[in-house]
Amino acid sequence: MKVVLPNDTELELPDGASGLDAARAIGPKLAEQAVLMRANGETRDLRLPLVDGERIQILTTRDTADPDALYVLRHSAAHLLAEAVRRLYPGVKVAIGPPIENGFYYDFDFPKPISDGDLEAIEAEILREIAEGREWTREEVSRDAASARFAAEGEPYKVELVDTAAGDISLYTQGDFTDLCRGPHLQNAAPIKAIKLTSLAGAYWRGDEKNAQLTRIYGTAFYSQADLDGYLERQELAKARDHRKLGPQLDLFHLSEESPGSPFWHPKGMVVWNELEDLRRRENRARGYDEVKTPLIYDVEVYKTSGHFENYREDMFFIPGDERSYALKPMNCPGHMLLFGSQLRSYRDLPLRYAESSTLHRDERAGVLHGLLRVRHLTQDDAHIFCTPEQIEDEIFGCLDFAATLYELFGMEARFELSTRPDKKLGTDAEWDFTENALRSALQRRGIEHVVNEGDGAFYGPKIDLHMTDVLGRSWQMGTIQLDSQMPKKFGLTFMGADNAEHTPYVVHRALLGSLERFIGIAIEHYGGAFPFWLAPVQVRLIPVAEPHRAAANALRARITAAGFRADIDERDDTLGKRIRDAEVEKVPYTIVYGDRESDESLAVRERGGGQSTKSVDELLTEFAALVAKV
RNA sequence: GCCGGAGUAGCUCAGCUGGUAGAGCACCGCUCUUGUAAAGCGGGGGUCAGGGGUUCGAGUCCCCUCUCCGGCUCCA
């Protein structure tokens, strides 16, 4: 048999040869350094046989940044962790331990709880294993044999995994530890040059909170100490961009125990907020939306009609009354349904687009709040579009175009995800074919790449979600575009068709920025606090050199303000250097020093980061106008 | 809600085995009157998250509650 190498040459090998055999045939050094192979684009354990004619690539310890090479390294590191834990904690049960982005974890059922302090000893044990040397061997066994083996070892989680596993069963052994595992794995532990256990967490068996909670140990591993150091350093730098740190530092908002999950917005934060509101309002108007305002509290009966009381009452805030009970709205849908239903509607009125940026309250479970990214008091840039089936695709397209335009403006790359019919769905497959296709073709029409989450749709319809990643790599849902055929029925909404008969409208629920709180949180991290000119709370900082220059600086400030820009003045009795430093720390886009040498015809302009130039006021205002015109 | 960790001045943090709270920055005052990333001196400021307990004595030990952090679960 033969295989094709990356440089297009062919390699002759005996039948049944493995990836490792191929590496040996090429060179002993390669065989020694080999960690993994890629065959036809898929990764495969080196121990597995090659297929005649396939194209292969051998990854080695020098592919230190290759995601697949890191995966196999970390997967093997997870097995070393399990081996160490079993030795240090007799009676522990092992569950599952995969590589993940930036590291790996392993879940254990400890006889007695462990804490952070124990990680050091476990890490030392792993290092000892590596120093001692570990080689992985792979064997393929029958399901029954594997099941019997793990049962005999008293490993119930492994037995369950064997019993529910798809395909053949393979085992990997290193030291005195044998694990159920599909692989691939390293040949031996030598390539693991740096390993660190990072944290401890609870995790439910098989991700179900009805199951036992296991103890998850997180760690990471690299092909070199320098890579690990670099990673830890990047994590530290990322923390400095965390909106929870930058927000209060830049005086944008703060959070307080007095009202957990409800931000206090400071004047500077409100500038950003209002710029987003202006943007939303302007674009909505241009795209044919009508702005509305609906109540914050409703009779509980309304939520019984909508179904929210039944499904989400745990997360709602209630206001008990003597005669009627009210609830704070957790979303705008019912209000907009009631508004639509308040008058007789004609097909000529459709599509009807109600937009509302409203405050919502959700009583989020303790433990899920997270800065601005998960709050109890949130504000969605919401809208509901009432339309006919024929109008769905155009309306979805309009929403996608709107969303894409917004994210492009911020230079953010959101991931679009299409979620399709769930098992528990309302309506027929024919209806779902129709609605899913409408969403899919709208995505294609706008040229948006997307991933599909089969079965993740809402019970009432398919949806498109936009996701962003925060500075520490956590994914958050931003915008959402949902198609709904059920809520209008629940509220008995109809419109009069051209056929003089009543029809039920479809509704598109859509929030594009998502929640303003979350969007601003992500934006703070995205820009590292250095907002573009149009969003910056303070656009220009004026610094009079000494007392005699204050009058001229104030006059200049008045001129800039009158032109519609946000300027402030730093008249503190501090040195010039100090005040410039503060302007930089506050990430003000423009700083103007005003002293004896300056006049309105000749200003000393410093841009954020340090660039200096001389400009007249008119030139400066023209420059500013150009900056905001792009928005 | 669950697992683990944390909470000391506005911020960042120190405070060893229990013995009546400390630094830098910030703030205020004075001096200096400034040229592109931190002038000098002085001063005010803390119910050590809250509550209960152990003790002659608790920031420090124990219990409960709240909040935050890392995860899990959830997210209409």
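What you see is a predicted model; the values in this text were computed from it and never measured.
The pair A/Glu310-A/Lys304 does not meet the salt-bridge criterion, since no charged nitrogen lies less than 4.0 angstrom from a carboxylate oxygen. Under the 4.0 Å criterion applied to side-chain N and carboxylate O atoms, A/Arg557 and A/Asp568 are not assigned as salt-bridge partners. For the pair A/Glu584 and A/Arg608, the salt-bridge criterion is not met [side-chain N within less than 4.0 Å of a carboxylate O]. With salt bridges taken as basic N to acidic carboxylate O contacts below 4.0 Å, one links A/Glu623 and A/Lys615.
A/Phe104 and A/Tyr106 have their aromatic ring centers separated by at least 6.0 angstrom. Checked against the 6.0 Å centroid threshold, A/Trp265 and A/His254 do not count as a close aromatic pair.
Taking the centre and axis of the six-membered ring of A/Tyr105, the NZ or CZ atom of A/Arg216 falls inside the cone set by 45° and 6.0 Å. A/Phe309 carries A/Arg313 over the face of its six-membered ring, with the cationic atom under 6.0 Å from the centre and within 45° of the normal.
Nucleic acid contact class of A/Leu214 (heavy atoms, under 4.0 Å, all strands): none. Among the protein residues, A/His370 comes within range of the sugar-phosphate backbone only, with heavy atoms under 4.0 Å from sugar or phosphate atoms but none that close to a base. Using a 4.0 Å heavy-atom criterion, one finds that A/Asp116 contacts the sugar-phosphate atoms exclusively. Note on A/Tyr218: only backbone sugar-phosphate atoms sit closer than 4.0 angstrom, heavy atoms only; bases stay farther off. If you check every strand for non-hydrogen atoms under 4.0 Å, A/Leu255 touches nothing.
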Just the atom pairs and distances: protein N or O near nucleotides 74-76 of chain B's N or O, under 3.5 Å.
from: B/rC74; atom 1: O2; to: A/Arg374; atom 2: NH2; distance (Å): 2.8
from: B/rC74; atom 1: N3; to: A/Arg374; atom 2: NH1; distance (Å): 3.1
from: B/rC75; atom 1: O2; to: A/Arg374; atom 2: NE; distance (Å): 3.3
from: B/rC75; atom 1: O2; to: A/Arg374; atom 2: NH1; distance (Å): 3.3
from: B/rC75; atom 1: O2; to: A/Arg374; atom 2: NH2; distance (Å): 3.3
from: B/rA76; atom 1: O4'; to: A/Tyr312; atom 2: OH; distance (Å): 3.4
from: B/rA76; atom 1: O2'; to: A/His308; atom 2: NE2; distance (Å): 3.1

Grab the N/O contacts between the protein and nucleotides 32-36 of chain B below 3.5 Å, and write none if there aren't any.
from: B/rC32; atom 1: N4; to: A/Asp573; atom 2: OD1; distance (Å): 3.4
from: B/rC32; atom 1: N4; to: A/Asp573; atom 2: OD2; distance (Å): 2.6
from: B/rG35; atom 1: O2'; to: A/Arg597; atom 2: NH2; distance (Å): 3.4
from: B/rG35; atom 1: O6; to: A/Asp596; atom 2: N; distance (Å): 2.7
from: B/rG35; atom 1: O6; to: A/Arg597; atom 2: N; distance (Å): 3.4
from: B/rG35; atom 1: N1; to: A/Glu598; atom 2: OE1; distance (Å): 2.9
from: B/rG35; atom 1: N1; to: A/Glu598; atom 2: OE2; distance (Å): 3.4
from: B/rG35; atom 1: N2; to: A/Glu598; atom 2: OE1; distance (Å): 3.2
from: B/rG35; atom 1: N2; to: A/Glu598; atom 2: OE2; distance (Å): 2.3
from: B/rU36; atom 1: O3'; to: A/Arg606; atom 2: NH1; distance (Å): 3.4
from: B/rU36; atom 1: O2'; to: A/Arg606; atom 2: NH1; distance (Å): 2.9
from: B/rU36; atom 1: O2'; to: A/Gln612; atom 2: NE2; distance (Å): 2.6

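A/Asp582 places its CG atom 10 Å from the P atom of B/rA38, with the value rounded to the nearest Å. Taking atom CG of A/Leu119 as the reference point, atom P of B/rC3 lies 18 Å away to the nearest angstrom. One atom, CH2 of A/Trp205, and another, P of B/rC3, lie 20 Å apart when rounded to the nearest Å. Atom OH in A/Tyr204 sits about 8 Å away from atom C1' in B/rC3, given to the nearest Å. Rounded to whole Å, the distance from NZ on A/Lys196 to P on B/rG70 is 17 Å. The nearest whole Å value for the distance from the CZ atom in A/Arg376 to the P atom in B/rC66 is 11 Å. Per the geometry, CG belonging to A/Asp470 stands 13 Å off C1' belonging to B/rG70, to the nearest Å. As a whole-Å value, the separation of A/Lys112 NZ from B/rG4 P is 15 Å.
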Donor-acceptor list for residues 545-555 of chain A side chains, cut-off 3.5 Å, not counting sequence neighbours:
from: A/His549; atom 1: ND1; to: A/Ala546; atom 2: N; distance (Å): 2.9
from: A/His549; atom 1: ND1; to: A/Ala546; atom 2: O; distance (Å): 3.2
from: A/His549; atom 1: NE2; to: A/Asp596; atom 2: N; distance (Å): 3.3
from: A/His549; atom 1: NE2; to: A/Asp596; atom 2: OD1; distance (Å): 2.8
from: A/Arg550; atom 1: NH2; to: A/Glu571; atom 2: O; distance (Å): 3.1
from: A/Asn554; atom 1: ND2; to: A/Arg550; atom 2: O; distance (Å): 3.0
from: A/Asn554; atom 1: ND2; to: A/Glu571; atom 2: OE2; distance (Å): 2.8

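B/rG59 is unpaired under the criterion used here, namely a Watson-Crick or G-U wobble arrangement in which both key atom distances are under 3.5 Å. Pairing partner, B/rG4: B/rC69, with both Watson-Crick or wobble hydrogen-bond distances short of 3.5 Å. Using Watson-Crick or G-U wobble geometry with both donor-acceptor distances under 3.5 Å, B/rU20 finds no partner in any strand shown. Checking B/rC25 for Watson-Crick or G-U wobble geometry (two distances, each under 3.5 Å) identifies B/rG10 as its partner.
Counted by atom type alone, A/His467 and A/Gln477 present zero donor-acceptor pairs between their side chains at under 3.5 Å.
The side chain of A/Arg581 approaches B/rA38 more closely than any other nucleotide in the set B/rG70, B/rU67, B/rA38.
Separation of the P atoms belonging to B/rA6 and B/rC61 is 10 Å when rounded to the nearest angstrom. Distance check on atom P: B/rG51 versus B/rU47 gives 11 Å, rounded to whole Å. Rounded to whole Å, the P atom of B/rG19 lies 23 Å from the corresponding atom of B/rG24. Here the separation of B/rU67 from B/rU8, taken at their C1' atoms, is 16 Å to the nearest Å. For the P atoms, the distance linking B/rC62 with B/rU55 amounts to 16 Å, nearest Å. Comparing B/rG52 with B/rA26, their C1' atoms are spaced 36 Å from each other, to the whole Å. Taking atom C1' in both B/rC75 and B/rG57, one finds a spacing of 50 Å when rounded to whole Å. Rounded to whole Å, the P atom of B/rC27 lies 40 Å from the corresponding atom of B/rG1.
Across the interface with RNA chain B, nearest-nucleotide mapping of A/Ala366 and A/Asp242 shows A/Ala366 to be the residue nearer the 5′ end.
For the OP1/OP2 pair of B/rA37 and a distance below 4.0 Å, the side-chain nitrogens and oxygens of A/Lys587 include no atom meeting the criterion.
Of the residues A/Ile592, A/Thr591, A/Ile580, the one that meets the side chain to side chain contact (heavy atoms under 4.5 Å, CB included) test with A/Arg541 is A/Thr591.
For A/Leu472 against A/Ala238, the heavy-atom pair with the smallest separation is CD2-CB, 3.9 Å.
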